[in-house]
Amino acid sequence: MKPLCCILALLLVLFASSCLQATMAGSAFCESKCKVRCSKASVQVRCLKYCGLCCEQCRCVPSGTYGNKDECPCYRDKYTGSGKRRRPKCP
């Protein structure tokens with residue numbers, strides 16, 4: 001019984017580490033894309049925060065530092081607020 005528990009524990013550790021690597025890979029993708037997107041922003045911390053949120057949800061970031069949102073419809077169509085306060089969420 002003890003060898004079976006050890007094998008199951010080892011499999012669990014291997015599975016958890018593979019899931020962690022997949023999560024970190026997505027974050028590295030978004031971090032590099034958002035760093036380029038926000039390179040000319042006046043408030044970089046805020047730009048990086050919202051770009052990262054949009055990237056994680058949409059899995060894409062438009063090229064360049066401004067515009068080109070047609071390359072990523074999910075990114076383009078995210079809004080915050082309502083009525084007169086409605087504005088694009090993603091930088």
Side-chain angles (χ1 to χ4, degrees):
M1 187 69 175
K2 205 168 205 173
L4 181 61
C5 289
C6 290
I7 291 172
L8 288 175
L10 181 62
L11 288 174
L12 181 63
V13 169
L14 289 173
F15 177 74
S17 68
S18 67
C19 290
L20 181 62
Q21 286 177 347
T23 302
M24 290 172 63
S27 297
F29 168 80
C30 290
E31 186 178 326
S32 66
K33 294 288 187 180
C34 288
K35 188 180 283 187
V36 172
R37 184 76 178 174
C38 296
S39 63
K40 294 185 178 179
S42 58
V43 184
Q44 288 221 344
V45 173
R46 185 173 23 180
C47 182
L48 290 169
K49 174 185 174 184
Y50 289 107
C51 179
L53 290 172
C54 293
C55 177
E56 289 296 328
Q57 293 173 359
C58 297
R59 301 304 306 149
C60 64
V61 175
S63 61
T65 57
Y66 184 79
N68 303 321
K69 289 190 177 182
D70 289 333
E71 295 174 3
C72 185
C74 171
Y75 194 94
R76 175 194 65 211
D77 296 338
K78 289 206 168 295
Y79 287 92
T80 188
S82 60
K84 290 182 179 181
R85 297 201 50 161
R86 186 172 183 220
R87 58 203 177 279
K89 180 175 187 170
C90 305

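Worth saying up front: this structure is predicted, and the values here are computed from it rather than measured. Positions are given from 1 along the sequence.
- Judged by distance alone, with hydrogens and angles left aside, the side-chain atoms of Tyr66 form no donor-acceptor pair with the main-chain N or O of Ala41 at under 3.5 Å.
- In this structure, Thr80 has no side-chain hydrogen bond (donor to acceptor under 3.5 Å, both in side chains) partners at least two apart in sequence or on a different chain.
- For the two cysteine residues Cys47 and Cys38, the thiol sulfurs sit under 2.5 Å apart.
- Looking at Glu71, its side chain never comes within 3.5 Å of a backbone N or O of Val61 through a donor-acceptor pair.
- The heavy-atom pair separating Arg59 from Glu56 by the smallest distance is CD-O, 3.7 Å.
- The sulfur atoms (SG) of Cys74 and Cys58 lie less than 2.5 Å from each other.
- Less than 2.5 angstrom separates the SG atom of Cys30 from that of Cys55.
- No donor-acceptor distance shorter than 3.5 angstrom exists from the side chain of Arg85 to the backbone of Gly83, with no hydrogens or angles considered.
- The two residues Lys78 and Cys90 come nearest to each other via the heavy atoms CB-SG, 3.8 Å.
- In this structure, the side-chain hydrogen bond (donor to acceptor under 3.5 Å, both in side chains) partners of Arg76, at least two apart in sequence or on a different chain, are Asp70.
- A donor-acceptor contact shorter than 3.5 Å is absent between the side chain of Arg87 and the backbone of Gly81.
- Residue Val36 comes nearest to Thr65 through the heavy atom pair O-CG2, 3.5 Å, listed as atom of the first residue, atom of the second, then distance.
- At least one donor-acceptor pair closer than 3.5 Å links the side chain of Asn68 to the backbone N or O of Ser63.
- A 4.5 Å side-chain heavy-atom check between Cys51 and Tyr75 finds at least one atom pair inside the cut-off.
- Within the model, atoms CG of Asp77 and NZ of Lys69 stand 10.0 Å from one another, a figure rounded to the nearest 0.5 Å.
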